[in-house]
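Take a look at the structure below.
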Amino acid sequence: MLDKLIMYLQYPFVKYAIIVGVLIALCSSLLGVTLVLKRYSYIGDGLSHVAFGALAIATVCDLTNKMILVLPLTIVSAILLLRNGTNAKVKGDAQLAMLSVSALAFGYMLMNLFPSSSNITGDVCTTLFGSTSILTLTAQEVWISIVLSVFVVTIFILFYNRIFAITFDEGFAKAVGTNVKFYNLLIATVIAIIIVLAMKLVGSLLISALVIFPAISAMSILKNFKSVVIFSAISSVLCALIGILVSILAGTPVGSTIVVFDAFLFLLCYIIGRVRSLA
Amino acid sequence: MKHKILILCILSIFLLNGCKNNSTESAADANTTQTTSNEKEEYSDDSDEINLDLTTLSSTMVYSEVYNMVLTPENYLGKTIKMNGTCSLYQDPDTQKLYYACIIQDATQCCSQGLEFELEDSKYTSDDYPNPDDEITVQGTFSTYMEDGNEYLVIKDAILIE
């Protein structure tokens with residue numbers, strides 16, 4: 001099995017998949033903690049559906065670089081959702097659901113009305129579940145993912161303290177002079193970038209798992225924000241790496257394999273957390 | 001302020017990357033192609049005279065490799081390829097010409113990739129072609145041809161392996 005793995009690792013597309021997969025897992029886990037604590041866990045799912053709709057438009061328009069359309073549309077939706085979410089909680093939830101299903105339906109309808117290939121089912125399946133998208137990346141896509149990932153990590157490191165303050169007490173952050181609106185805008189932009197990147201790894205239906213599972217796993221056993229972020233990042237990267245390697249060895253779908261490992265890790269952390277609290 | 005300047009710098013790098021001209025991309029692609037070709041040599045199986053044996057790979061790897069063949073056929077031209085999958089038959093309604101293909105499914109079973117194959121004339125007749133939906137293993141030389149202004153991929157001089 002080790003020989004086979006070494007042989008597989010010589011394929012350029014496997015190297016690309018590992019690089020991009022690890023970076024996406026790292027980025028999604030960093031912001032995942034903030035999203036979970038701000039009770040925006042499901043925003044990833046909603047935005048991924050928006051990205052799906054945008055991708056359908058880009059495909060119909062036959063754009064060579066679909067990111068040009070998908071990224072701005074997802075960012076605008078993220079900003080609108082997060083802005084409204086702070087004003088009215090229930091309304092924000094309803095808006096998220098409406099935007100999510102509308103974008104999904106709109107995207108699917110477009111793909112059927114203006115098919116870009118003879119295999120519409122395959123195209124839709126690939127976008128929703130990732131399929132083997134991460135193993136079919138071009139060199140240009142890898143570079144775009146690297147640049148966007150560096151941007152996300154840099155933002156998180158630079159504004160760690162302010163993100164921490166906004167995550168726990170937005171009102172207090174505002175009272176001490178933090179430009180909450182600007183940082184929420186920044187968080188929304190970063191979330192949108194992560195969603196667009198993660199679509200390649202696990203597909204639009206499974207993105208929420210990348211955002212939620214590492215954060216919840218870390219929170220099950222750790223209480224300190226910094227420790228939670230670090231554990232979340234390490235566990236997410238490990239699960240993505242193991243998931244990719246297992247899927248290429250066992251021939252299983254990449255996205256769902258990664259999510260299964262994320263879920264398994266959560267179960268493990270949850271049990272450890274429960275045992276520690278009882279002891 | 002420093003933070004904002006740094007963000008602007010990072011965004012500029014991203015925008016520059018997105019706006020680089022086609023010639024630069026072509027050059028980068030050419031380099032990638034060269035690297036890819038070199039790397040492919042490393043895992044070719046010379047002892048069996050098969051450059052790319054897809055029968056030994058997992059379904060996820062096979063699907064990805066065939067996808068890459070379709071995307072960048074120039075990297076695979078002239079290589080001996082062995083693959084197994086399901087036989088598919090297509091008949092051109094205008095010319096009545098028959099096209100046979102070996103189809104492979106991805107791990108989610110919703111996507112499929114296939115390669116057309118032509119059996120070696122000196123060894124096979126038209127009666128020797130497999131039936132649609134038969135499980136087949138074919139081995140031949142990867143090639144491309146032009147028809148009606150479109151480029152098609154084919155495994156030429158193929159042999160059927162039991």
Side-chain angles (χ1 to χ4, degrees), chain A residues 4 6-17 64-65 67-68 71 119 121-126 128-140 142-144 146-148 150-152 154-155 158-159 162 182 186 189 193 203 244 246-257, chain B residues 2-7 9-20 22 24-26 28-33 35-45 52-53 56-72 75 104-114:
Chain A
K4 205 163 197 172
I6 291 167
M7 180 188 76
Y8 284 164
L9 290 174
Q10 289 173 18
Y11 285 73
F13 61 83
V14 173
K15 290 176 189 168
Y16 291 166
T64 315
N65 189 355
M67 202 82 96
I68 291 170
L71 198 58
N119 186 13
T121 318
D123 290 346
V124 173
C125 180
T126 304
L128 292 181
F129 293 102
S131 193
T132 50
S133 303
I134 195 75
L135 287 159
T136 53
L137 294 171
T138 61
Q140 192 196 8
V142 174
W143 276 111
I144 290 174
I146 290 171
V147 172
L148 288 175
V150 169
F151 173 71
V152 169
T154 310
I155 290 287
L158 284 178
F159 299 112
R162 288 174 181 90
F182 169 75
L186 198 66
T189 307
I193 291 172
I244 293 172
V246 168
S247 66
I248 60 170
L249 277 172
T252 52
V254 183
S256 47
T257 309
Chain B
K2 278 180 184 173
H3 288 170
K4 285 176 186 170
I5 292 168
L6 195 62
I7 292 169
C9 290
I10 293 164
L11 277 173
S12 307
I13 293 166
F14 170 60
L15 289 172
L16 285 171
N17 184 59
C19 299
K20 62 184 176 182
N22 288 337
T24 318
E25 279 181 17
S26 303
D29 287 347
N31 287 336
T32 311
T33 306
T35 314
T36 309
S37 303
N38 291 339
E39 286 180 87
K40 293 230 176 288
E41 292 302 327
E42 288 172 22
Y43 57 81
S44 62
D45 186 355
L52 191 55
D53 189 353
T56 60
L57 305 181
S58 71
S59 61
T60 303
M61 287 293 290
V62 173
Y63 182 85
S64 307
E65 186 68 296
V66 175
Y67 181 93
N68 279 298
M69 282 180 187
V70 175
L71 205 67
T72 54
N75 292 345
I104 55 102
Q105 293 273 327
D106 80 321
T108 50
Q109 298 294 312
C110 64
C111 306
S112 57
Q113 291 281 351

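First the proteins, then the strands, lettered A, B, ... as listed; each starts at 1. The structure presented is a predicted model; accordingly, all values stated were derived computationally and were not measured.
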Subject >> Side-chain (B:Ser58) to main-chain (A:Ala250) donor-acceptor, under 3.5 angstrom >> reply: no
Original post:
For the residue pair B:Ser59 and A:Gly251, what are the closest heavy atoms and their distance?
Top reply: OG-O, 3.1 Å
Original post:
Side chain, backbone, both or neither: which part of B:Leu71 has a non-hydrogen atom closer than 4.5 Å to chain A?
Top reply: side chain
Original post:
Measuring from B:Met61:CE to A:Lys4:NZ, what's the distance to the nearest 0.5 Å?
Top reply: 10.0 Å
Subject >> Separation between OH of B:Tyr63 and CG of A:Leu135, rounded to the nearest 0.5 Å >> reply: 11.0 Å
Original post:
If you round to the nearest 0.5 Å, how far is CG of A:Leu137 from CG of B:Asn68?
Top reply: 9.5 Å
Subject >> Nearest-0.5 Å distance, OH of residue A:Tyr8 to CD of residue B:Glu65 >> reply: 10.5 Å
